[in-house]
Amino acid sequence: MSAVPPSSSVRVRFAPSPTGFFHIGSARTALFNWLYARHCGGTFVLRIEDTDRQRDAEEYLQVLLEGLRWLGLDWDEGPTVGGPYGSYFQSQRGEIYGEYLQKLRDSGRAYDRDGAVWFRVSGEPATIDDRIRGKVQRLEEKDFVIVRSDGSPVFHFVNVVDDIAMAISHVVRGEDHLSNSSKHVELFQAFGRTPPVYAHIPLILKTNGPGKMSKRDSGALIEEYQRRHYLPEAVRNYLCLLGWSSKNDREILPIDEIISLFDLPAINHNNARFDEKKLAHMNGEYVRALPAEEFYDHALPILREEGLLADGPAEDYVRSVLTICQEKLRGLEELPHFCAYFFRENFPMDGDGRKKILASGDPFARVEEFLAAIGQWNGEWAADLLEQFLKTFAAERDRNSSAYIHPLRYAISGQTVGPGFYGMLAVLGRERVLARLVRFSSH
RNA sequence: GCCCUCAUCGUCUAACGGUUAGGACACCGGAUUCUCAUUCCGGCAAUCGGGGUUCGAUUCCCCGUGGGGGUGCCA
């Protein structure tokens, strides 16, 4: 439960069904609910709609909870934290549904047919009070099933019962529920309740092609970003921008600022297409802006996972590698490939890079020339002095320093891109650099 | 089919009824004492169509068109 008691009667809920995936659209719905709760000082309830009771329910639930935690969307009531309106699992609320069903039977709004229980509609158009779309009217024409013939209650019924029983004040959900809201309003009214305030948020569409994002689309699952070491703050920030904006031309915003600016009527009406490239760009911005200490904390487990720390390099060495690499990264995902040669001698030599180097001159000759000179040099092995040395060295031979830098970089790292050259030399250290140059020139 | 809903650059979006229609991503070009994948500068690029209302419409209304959703004993 939250440490700070709610200062508002606003109670919102995120009510996912544990399917084994955490879809980006669901995450965005959870996020908007959470933002609104935090904006109002209200309560964010997590309710698990597990009426299907699958075999792997527990494992499926973990995907969801871990995804929410990763995004920093903490819930005030729900699984693991409890709360006064439990249980927060629909599979454990059968008794409550029974009681509410009896109320509908008593008032003549529920009846049996074909072994199922049906709800009798009123014949009047329902008015949905929607904070984003205004008043929406829709006539629910046909009676509908609320309890299947196998005895299990259907979504529309349990959803409304739980919202009543959990005193939910605002229902923030995807627009795919808008048409069905007339069913829900009818149910609220049949229970003698005023329906909650609704806010139907636009859907997230596929990057290309027709329809909304589905689990199978590239980039559709939160767990994919976890696995690829995206920063959760970046994913969350991007998700905020799908259907909402600060209206001040700023897109990268600290979450506290988003919370204070966020409001339901400010949400857009139109669906948004998902753009993986923009998300990737935003992730890069977040990675490069990370304070050195936090970058280190994020990077260390990744390097370890890739086996790059197997030789037990000194902490100072790892830190200096990360310091020169951070500003060049587009994301933590590429870090291992970007810096592997700092940690092992059997790094791969990039094939295209080799062609590039060969095309621009004789790399072996350049490396040998340099090797001969640097071997004699006994200056301090520091970035600024190495720069001085190379510039003088190149000038004496009437060449541009880049004539040496490119082949040297390739010889030392196996790549044509990387951190600043002199910083790279300094961090690797004299011994390692010279050994690699020798190996390259005598290949 | 019927019902609901939406409509500004390719994409995400901004614009009290009066703006050279702004920003971001992508793309293209240039610069940056060494690479680029960082950074900086520049460029391309939009109000779906037709009617109204108004001195004036991206903005308000209507009709089309197009998109999305719903229409299950799925959620």
Side-chain angles (χ1 to χ4, degrees), chain A residues 15-19 26 49-52 90 113-118 125-126 128 130 132-134 136-142 144-156 158-159 173-183 200 202-208 210-212 238 240-252 268-282 284-285 287-288 325-331 334 338 353 356-357 387 390-391 394 400-410 413 415-425:
Chain A
S17 181
T19 57
S26 296
E49 307 216 331
D50 57 348
T51 49
D52 277 356
Q90 285 187 336
R113 192 216 296 171
D114 302 331
V117 184
W118 294 69
I128 296 118
D130 194 291
I132 299 173
R133 300 169 197 271
V136 177
Q137 285 203 320
R138 186 168 185 281
L139 174 65
E140 195 59 41
E141 294 178 292
K142 295 183 293 185
F144 55 92
V145 170
I146 51 178
V147 181
R148 300 181 191 92
S149 48
D150 70 358
S152 61
V154 310
F155 161 74
H156 303 300
V158 294
N159 193 262
R173 55 165 39 156
E175 201 214 66
D176 47 345
H177 290 289
L178 184 54
S179 291
N180 284 147
S181 293
S182 46
K183 288 189 178 75
H200 286 92
L203 301 181
I204 301 178
L205 270 28
K206 294 177 196 291
T207 306
N208 300 298
K212 53 179 179 173
Y238 174 72
C240 287
L241 264 26
L242 251 29
W244 176 87
S245 83
S246 67
K247 305 199 190 319
N248 62 13
D249 278 354
R250 286 202 302 144
E251 296 193 325
I252 295 189
N268 292 147
H269 295 192
N270 47 323
N271 296 338
R273 280 192 191 274
F274 180 71
D275 185 349
E276 247 182 305
K277 286 186 176 173
K278 185 150 183 172
L279 205 202
H281 174 267
M282 191 164 274
E285 298 249 7
V287 167
R288 292 186 296 275
C325 291
Q326 182 182 3
E327 61 176 336
K328 299 285 184 176
L329 291 177
R330 299 190 78 186
E334 65 184 17
F338 194 82
K356 235 167 113 178
I357 297 301
E387 181 172 359
L390 181 64
K391 281 187 171 157
N400 196 306
S401 57
S402 62
Y404 293 94
I405 286 173
H406 299 316
L408 288 170
R409 174 189 292 283
Y410 185 73
S413 72
Q415 297 184 37
T416 56
V417 298
F421 180 67
Y422 306 107
M424 183 184 103
L425 294 183

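Letters A, B, ... mirror the listed sequences (proteins, then strands); counts begin at 1.
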For A:K247, which contact category applies under a 4.0 Å heavy-atom criterion: base, sugar-phosphate, or nothing?
-> sugar-phosphate

Write down the partner of B:G56 under the Watson-Crick or G-U wobble criteria, each distance required to be under 3.5 Å.
-> none

Base, sugar-phosphate, or nothing for A:G420, non-hydrogen atoms under 4.0 angstrom?
-> base

Proximal nucleotide (of B:C34, B:U13, B:C4) relative to the A:N270 side chain | B:U13

Which of the following nucleotides, B:C34, B:G69, B:C73, is nearest to the side chain of A:F421?
-> B:C34

Scan A:G211 against the nucleic acid and name what it touches under 4.0 Å (heavy atoms): base, sugar-phosphate only, or nothing.
-> sugar-phosphate

Ring centroid separation for A:H281 and A:Y238, is it under 6.0 angstrom?
-> no

Give A:A116 one of three labels, base, sugar-phosphate or nothing, depending on what nucleic acid heavy atoms sit under 4.0 Å from its own.
-> base

Considering only side-chain heavy atoms of A:K212, which listed nucleotide, B:C25, B:G70, B:C34, is closest?
-> B:G70

For the base of B:U35, is there a side-chain donor-acceptor partner from A:K328 under 3.5 Å away?
-> yes

Whom does B:C28 pair with, Watson-Crick or G-U wobble, provided both distances fall under 3.5 Å?
-> B:G42

Taking only the side-chain heavy atoms of A:R148 (C-beta and beyond), determine which of B:C74, B:C34, B:G70 contains the nearest atom.
-> B:C74

Just checking A:H200: base, sugar-phosphate only, or nothing, at a heavy-atom cut-off of under 4.0 Å?
-> nothing

What is the nucleic acid contact for A:Q137, judged by heavy atoms within less than 4.0 Å: base, sugar-phosphate only, or nothing?
-> sugar-phosphate

Side-chain N,O (A:S245) to OP1/OP2 (B:A14) below 4.0 Å | yes

Under 4.0 angstrom, heavy atoms only, what part of the nucleic acid is A:P210 near: base, sugar-phosphate, or nothing?
-> sugar-phosphate

Would you check if there is a donor-acceptor pair between the side chains of A:H406 and A:T416 at a distance under 3.5 Å?
-> no

Quick one: which of B:A75, B:U13, B:C34 gets closest to the side chain of A:Y422?
-> B:C34

With sugar-phosphate meaning primed atoms plus P, OP1 and OP2, does A:L390 contact a base, only sugar-phosphate, or nothing at under 4.0 Å between heavy atoms?
-> nothing

So does A:S401 reach the base of B:C34 with its side chain, donor to acceptor, closer than 3.5 Å?
-> no

Among B:G72, B:A75, B:C73, which is the nearest nucleotide to the side chain of A:S17?
-> B:A75

Do the side-chain N or O atoms of A:N268 get closer than 4.0 angstrom to the phosphate oxygens (OP1, OP2) of B:A14?
-> yes

For the side chain of A:H281, starting at C-beta, report the closest nucleotide among B:A37, B:C25, B:C73.
-> B:C25

Checking only heavy atoms, does the side chain of A:D275 share a donor-acceptor pair with the base of B:A24 at less than 3.5 Å?
-> no

Picking from B:G68, B:A37, B:A24, the nucleotide nearest the side-chain atoms of A:E251 would be B:A24

Below 3.5 Å, does any donor atom in the side chain of A:R409 face an acceptor in the base of B:C34, or the other way round?
-> yes

Please tell me which of the listed nucleotides, B:C73, B:G68, B:C4, lies nearest to the side chain of A:L205?
-> B:G68

What is the nucleic acid contact for A:V417, judged by heavy atoms within less than 4.0 Å: base, sugar-phosphate only, or nothing?
-> base

Which nucleotide in the set B:C36, B:U71, B:C4 lies at the smallest distance from any side-chain heavy atom of A:N180?
-> B:U71

Answer with base, sugar-phosphate or nothing: what part of the nucleic acid does A:R288 contact at a heavy-atom distance below 4.0 Å?
-> sugar-phosphate

